[in-house]
Number of protein chains: 2
Amino acid sequence: MADMTSTADAPRSPGRPRSIRADEAIIEATLDLLAEGSTIEALSIEAIAARAGVGKATIYRRWAGKDALLLDALRRLKGVMAQPAGHSVRDDLVLLVGAIGKNVDPRAAKIMPCLAPAVNRSADQFQLYQNIISPRRQLMREVLRRGIDEGVLRADIDVEVTMALLTGPMLIQRVLQWNPDLDEQSLPERVVDAVLVGIQAR
Amino acid sequence: MADMTSTADAPRSPGRPRSIRADEAIIEATLDLLAEGSTIEALSIEAIAARAGVGKATIYRRWAGKDALLLDALRRLKGVMAQPAGHSVRDDLVLLVGAIGKNVDPRAAKIMPCLAPAVNRSADQFQLYQNIISPRRQLMREVLRRGIDEGVLRADIDVEVTMALLTGPMLIQRVLQWNPDLDEQSLPERVVDAVLVGIQAR
DNA sequence: GCGTTACGAGTCTGACCCGTATCGTATTGC
DNA sequence: GCAATACGATACGGGTCAGACTCGTAACGC
């Protein structure tokens with residue numbers, strides 16, 4: 001919570017302490033409104049305050065503005081990541097690919113597309129985005145490396161490109177509905193298998 | 001130009017005809033503002049009018065509102081598609097994959113991310129999006145089918161999944177900068193080759 | 001109890017915008 | 001020349017919002 005007054009090094013509190021429930025309500029209201037279809041810039045502090053049952057001043061007391069609030073709110077979406085079982089490389093990849101865009105918080109799926117424009121306009125928001133996805137990338141990277149070590153995957157593959165290969169199709173389908181004819185349910189499995197064996201005739 | 005008064009079946013024009021230069025200026029101003037970083041909903045008719053050197057009334061005389069104007073403006077971005085040479089399946093795929101998100105109009109690349117949120121909120125905008133990309137998908141589909149016919153690609157591959165496999169990585173990288181460490185320049189080639197041969201040890 | 005700080009609710013100013021209307025002017029057909 | 005329609009510019013009423021501010025009240029340490 002970079003933009004909030006730290007409570008850890010508080011030199012004692014002279015007056016009434018800030019309400020934790022208000023913190024919670026504001027963040028939740030923000031995520032709710034986003035998930036309901038509001039876009040980032042259509043989102044107003046007034047609407048958030050009303051939804052949270054909170055005065056506008058209470059929000060401004062905690063955050064410098066909408067951007068700072070959004071930054072904190074979106075951090076909340078970093079749910080628990082899927083944990084690969086570690087038995088079969090293929091199954092682990094299917095699990096990870098299937099988890100793409102399918103967050104713990106059901107609101108995340110609806111909020112994600114809204115972030116696309118923001119990601120490349122502000123360095124802060126780009127960093128936030130990277131912070132969220134890079135541990136997930138790392139997870140997949142480890143599975144691929146394990147596959148190489150075990151001899152299941154070729155040793156000469158480009159791990160980074162392979163991750164993009166596995167992630168890209170799932171992401172464009174979940175976020176953009178890139179091809180309405182594609183069955184999303186079976187996609188993870190089909191993507192992984194296709195990437196594994198390739199499409200070239202032998 | 002569904003929302004504009006048709007000029008083809010005009011039953012003669014009683015008064016001063018509408019300025020074609022104004023049409024052009026309005027559309028161009030819209031695209032310019034979007035490319036400069038304005039998001040779709042931050043874009044205002046007033047800003048467009050000012051940028052185009054045009055009165056607001058001139059815009060409202062032609063379009064019903066911002067949505068109708070945007071619809072026409074975005075149609076303008078449908079540039080000429082890349083045309084595969086037809087010699088080597090691999091080279092054709094590299095060409096098509098490299099063309100993803102790299103439109104004729106340099107503004108298109110900056111505008112594309114802005115569309116992501118809109119695409120799944122309005123059926124009209126979703127349709128517009130599909131209208132733009134489906135011919136490109138068709139182009140790739142034909143190359144893949146040709147590869148199968150020629151025996152270069154296996155006959156049992158799922159063409160639709162393969163297209164997602166080729167398109168996804170490029171799209172998330174160009175639109176989202178999914179992995180900042182990936183070299184975008186060489187990505188098309190590396191994606192195509194990886195998809196061709198697969199990653200599994202043999 | 002007292003000072004301090006937070007609270008929800010509300011007010012206020014100044015932006016910005018939409019969509020319409022109205023200027024005086026320009027350009028067309030007849 | 002004249003009616004018709006276009007033009008750019010500007011003004012309008014109505015709306016939303018940001019932020020700072022003000023209430024009376026509530027919760028804390030001392």
Side-chain angles (χ1 to χ4, degrees), chain A residues 1 3-30 33-34 36-73 122, chain B residues 1 3-30 33-34 36-73 122:
Chain A
M1 301 283 176
D3 301 285
M4 297 182 59
T5 314
S6 170
T7 51
D9 57 356
R12 258 25 93 214
S13 45
R16 172 178 175 175
R18 290 195 179 159
S19 159
I20 304 168
R21 299 187 52 183
D23 279 312
E24 205 63 36
I26 293 166
I27 297 278
E28 286 300 304
T30 305
L33 288 172
L34 280 178
E36 279 166 18
S38 171
T39 52
I40 286 188
E41 52 214 5
L43 196 64
S44 72
I45 299 284
E46 285 189 339
I48 296 172
R51 174 63 158 261
V54 142
K56 281 201 290 178
T58 302
I59 297 182
Y60 283 111
R61 211 173 281 126
R62 288 164 161 78
W63 290 278
K66 191 166 69 178
D67 286 351
L69 168 56
L70 273 173
L71 220 67
D72 277 357
S122 141
Chain B
M1 302 282 176
D3 302 284
M4 297 181 60
T5 314
S6 171
T7 52
D9 56 358
R12 252 33 87 214
S13 46
R16 173 179 176 176
R18 290 193 180 162
S19 159
I20 304 169
R21 300 187 53 184
D23 279 311
E24 205 63 35
I26 293 167
I27 297 277
E28 286 300 303
T30 305
L33 287 172
L34 280 178
E36 280 167 18
S38 171
T39 52
I40 286 187
E41 52 214 5
L43 195 64
S44 71
I45 298 285
E46 285 190 339
I48 295 172
R51 174 63 158 260
V54 142
K56 282 202 293 177
T58 302
I59 297 182
Y60 283 110
R61 210 171 283 125
R62 290 164 161 78
W63 290 278
K66 191 166 69 175
D67 286 351
L69 168 56
L70 272 174
L71 219 68
D72 276 358
S122 141

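Basis for what follows: all heavy atoms, side chains included, without hydrogens, waters or symmetry-related copies. Letters go in sequence order (proteins before strands), and every chain restarts at 1.
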Spell out, as yes or no, whether a donor-acceptor pair under 3.5 Å connects the side chain of B:K66 to the backbone of B:L43.
yes
Just how far, in rounded Å, is [atom2] of [N] from [atom1] of [X]?
{"X": "B:E41", "N": "D:dT16", "atom1": "CD", "atom2": "P", "value": "16 Å"}
{"X": "A:D67", "N": "D:dG19", "atom1": "CG", "atom2": "C1'", "value": "15 Å"}
{"X": "A:K66", "N": "D:dA18", "atom1": "NZ", "atom2": "P", "value": "6 Å"}
{"X": "A:I20", "N": "D:dA27", "atom1": "CD1", "atom2": "P", "value": "14 Å"}
{"X": "A:Y60", "N": "D:dT22", "atom1": "OH", "atom2": "P", "value": "17 Å"}
{"X": "A:L69", "N": "D:dA18", "atom1": "CG", "atom2": "C1'", "value": "14 Å"}

Would you compute the distance between atom [atom1] of [X] and atom [atom2] of [Y] and round it to the nearest 0.5 angstrom?
{"X": "B:E28", "Y": "B:R51", "atom1": "CD", "atom2": "CZ", "value": "10.5 Å"}
{"X": "B:W63", "Y": "B:I45", "atom1": "CH2", "atom2": "CD1", "value": "9.0 Å"}
{"X": "A:L69", "Y": "A:I48", "atom1": "CG", "atom2": "CD1", "value": "5.0 Å"}
{"X": "A:S19", "Y": "A:E24", "atom1": "OG", "atom2": "CD", "value": "10.0 Å"}

Provide a list of protein-nucleic acid N or O atom pairs under 3.5 angstrom, restricted to nucleotides 13-17 of chain C.
none

Please find the pair of heavy atoms, one from A:T58 and one from A:A22, that lie closest to each other, and give the distance.
CG2-CB, 4.2 Å
Does the pair B:D72 and B:T30 meet the rule for a side-chain contact (heavy atoms from CB on, under 4.5 Å), with working shown?
CA-CA 10 Å; B:D72 276 358; B:T30 305; over 6 Å; no
Under-3.5 Å N/O pairs linking protein and nucleotides 6-10 of chain D:
unit_1	atom_1	unit_2	atom_2	d
D:dA6	OP1	B:R18	NE	3.4
D:dA6	O4'	B:R16	O	3.0
D:dA6	N3	B:R16	NH1	3.2
D:dC7	OP1	B:S19	N	3.4
D:dC7	OP1	B:R62	NH1	2.8
D:dC7	OP1	B:R62	NH2	2.6
D:dC7	OP2	B:R61	NH1	2.2
D:dC7	OP2	B:R62	NH1	3.4
D:dG8	OP2	B:T58	OG1	2.5

Please determine whether a side-chain nitrogen of the Lys or Arg among A:R18 and A:D23 lies less than 4.0 Å from a carboxylate oxygen of the Asp or Glu.
no
